[in-house]
Amino acid sequence: MLYSVVWKNNSVLLIDQTRLPNEYAVVEIHRSEDMAEAIRTMIVRGAPAIGVAAAYGMYLGAREIETSKREEFLQQLEKVAQLLRSTRPTAVNLFWAIGRMMQTAYETLGTIAEIQQTLLETAQTINAEDIQTCQAIGDHGLAALPKTPEKLTILTHCNTGALATAGYGTALGVVRSAWREGRLTRVFADETRPRLQGAKLTAWECVQEGIPVTVITDSMAAHCMKQGLIDAVIVGADRIAANGDTANKIGTYSLAIVAQKHNIPFFVAAPVSTIDFTLASGSLIPIEERHPSEIYQIGDTLLTPSGVEFYNPAFDVTPAELITAIITENGAFAPGDLIKAQKNSVL
């Protein structure tokens with residue numbers, strides 16, 4: 001199994017996802033500032049993986065604080081939390097993990113050293129829980145898939161695998177479970193412009209495990225559905241509102257529209273921690289805009305003429321009515337029934 005975030009020898013090891021698929025490289029993180037930069041620059045990416053990385057970043061920041069006074073320690077830890085919160089505004093797992101780490105710090109009695117140790121243990125627990133969560137999502141997703149045909153062709157968008165989580169994956173975790181149980185024929189992977197996570201990362205993970213994968217450009221999805229090549233669509237999520245509206249990588253919304261047009265089930269796979277029950281609808285989800293260089297160049301190659309303007313939202317919001325079910329570690333639920341997923345939560 002591939003693990004994108006690993007605690008080892010008092011540091012965090014991250015697979016540098018900006019170098020895949022051409023180079024497999026591991027980055028060693030020792031400081032909270034370096035973790036913030038790794039999240040911001042997408043060395044580590046994917047909402048669950050960002051949450052795990054941020055939890056370790058909180059511990060690294062706590063380890064850097066030099067004071068014996070509890071109140072001063074907590075004040076400085078709040079600054080670490082704010083630094084990490086500022087890295088990626090859309091992925092709610094980031095805020096969830098940081099909040100859990102801060103709550104641990106406030107609730108832990110004893111010396112500063114004891115608080116620091118408890119923070120490390122909490123980060124390791126978040127890490128382990130995410131792997132268990134993804135495996136449960138995979139199994140619940142398998143049960144939710146269409147019963148016919150017996151072997152399915154599944155379309156994915158962006159990367160939702162082991163690289164995007166602590167291990168196994170969310171939407172790609174469902175794919176892994178389907179492959180394991182003989183219910184999968186092939187994965188069609190959207191390339192996912194502009195950062196090409198589908199072409200670079202999803203395809204790479206499938207190749208590593210021998211799962212048949214076909215990469216298509218984002219604009220080919222509707223054609224493939226019309227040709228009868230797709231049996232189901234499964235995507236991940238960066239934040240889900242209480243009503244089931246889902247923010248995910250840009251291009252997800254258009255996939256949901258064409259899936260509905262072709263009567264193809266459209267699933268979202270994500271942990272309960274991705275559901276933001278404080279937001280009534282997707283219109284309240286903040287959408288990150290990233291640097292236009294992601295659009296106008298690939299590597300050192302410029303793609304557009306000088307003088308043009310750019311708009312580069314990293315996410316879009318898919319309305320709940322376009323979603324067949326949201327698959328969590330506690331089961332698959334209709335978008336309007338997400339409160340049941342929370343009530344069933346064992347984490």
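We use all heavy atoms of the structure for the numbers below, so side chains are in, but hydrogens, waters and symmetry mates are not.
Of the residues listed (Val44, Val26, Ile39), the one engaging Leu14 in a side chain to side chain contact (heavy atoms under 4.5 Å, CB included) is Val44, and it is the only one.
In this structure, Thr133 contributes its side chain and Pro271 its backbone to no donor-acceptor pair below 3.5 Å. With Thr192 contributing its side chain and Gln197 its backbone, the two residues share no donor-acceptor pair below 3.5 Å.
Contact annotation: the side chain of Thr160 never approaches that of Val235 to less than 4.5 Å [non-hydrogen atoms, C-beta and beyond]. A 4.5 Å side-chain heavy-atom check between Glu114 and Leu109 finds every atom pair outside the cut-off.
Annotation for Leu284: hydrophobic cluster partners, listed by chain and number, are Leu279, Ile285, Ile287, Phe315, Val317 (ILVMFWY side-chain heavy atoms under 4.5 Å, direct or chained). Taking Ile, Leu, Val, Met, Phe, Trp and Tyr as hydrophobic and joining them when side-chain heavy atoms fall under 4.5 Å apart, one finds Val213 in a cluster with Ile137, Leu142, Leu145, Leu152, Ile154, Leu172, Val174, Val175, Trp179, Leu184, Val187, Val207, Ile211, Ile234, Phe267, Ile327. Cluster partners of Phe310 are Ile295, Tyr296, Leu302, Val308, counting Ile, Leu, Val, Met, Phe, Trp and Tyr whose side-chain heavy atoms approach within less than 4.5 Å, directly or via other members.
For the side chain to side chain donor-acceptor pair (under 3.5 Å) condition, the pairs that include at least one residue of residues 267-289, sequence neighbours left out, are Arg88-Glu288, Asn93-Ser273, Asn93-Thr274, Arg239-Asp276, Asp276-Thr278, Ser281-Ser283, Glu288-Arg290. Every pair tested for salt bridge (charged side-chain N to carboxylate O under 4.0 Å, His left out) that includes a residue from residues 304-322 fails, sequence neighbours excluded, so the list is empty. Among residue pairs with one or both ends in residues 172-201, those qualifying as salt bridge (charged side-chain N to carboxylate O under 4.0 Å, His left out) are Asp139-Arg180, Arg176-Glu205, Arg176-Glu209, Arg195-Glu294; sequence neighbours excluded. Contacts classified as ring-ring contact (aromatic ring centres under 6.0 Å, His included) and involving residues 205-249 (residues at least two apart or in different chains) are not found.
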Which atom pairs, donor and acceptor, lie under 3.5 Å between side-chain atoms of residues 253-264 and protein residues at least two apart or in another chain?
residue: Ser254; atom: OG; partner: Gly251; partner atom: O; Å: 2.9
residue: His262; atom: ND1; partner: Val258; partner atom: O; Å: 2.8

Contacts under 3.5 angstrom, residues 45-58 side chains, donor-acceptor by atom type, not counting sequence neighbours:
residue: Arg45; atom: NH1; partner: Gln17; partner atom: OE1; Å: 3.0
residue: Arg45; atom: NH1; partner: Asn159; partner atom: OD1; Å: 3.3
residue: Arg45; atom: NH2; partner: Asn159; partner atom: O; Å: 2.9
residue: Tyr56; atom: OH; partner: Asn127; partner atom: ND2; Å: 2.9

Can you give the donor-acceptor pairs under 3.5 Å from side chains of residues 5-12 to other protein atoms, not counting sequence neighbours?
residue: Ser11; atom: OG; partner: Lys8; partner atom: O; Å: 3.1
residue: Ser11; atom: OG; partner: Glu28; partner atom: OE2; Å: 3.3

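Between Leu77 and Ala62, the closest heavy-atom pair is CD1-CB, 3.8 Å. Listed here is the closest heavy atom pair of Gly169 and Cys134: O-CB, 3.1 Å. Contact between His157 and Thr252 at its shortest, heavy atoms only, is CD2-OG1, 3.5 Å.
In this structure, the side-chain contact (heavy atoms from CB on, under 4.5 Å) partners of Leu229, at least two apart in sequence or on a different chain, are Phe188, Cys224, Gln227. Under the salt bridge (Lys or Arg N to Asp or Glu O under 4.0 Å) criterion, Asp218 pairs with no residue at all, not counting sequence neighbours.
Linking Ile, Leu, Val, Met, Phe, Trp and Tyr residues whenever their side-chain heavy atoms come within less than 4.5 Å places Leu120 and Ile112 in a single cluster.
Salt bridge annotation for Glu71-Lys69: absent, with no cationic side-chain nitrogen under 4.0 angstrom from a carboxylate oxygen.
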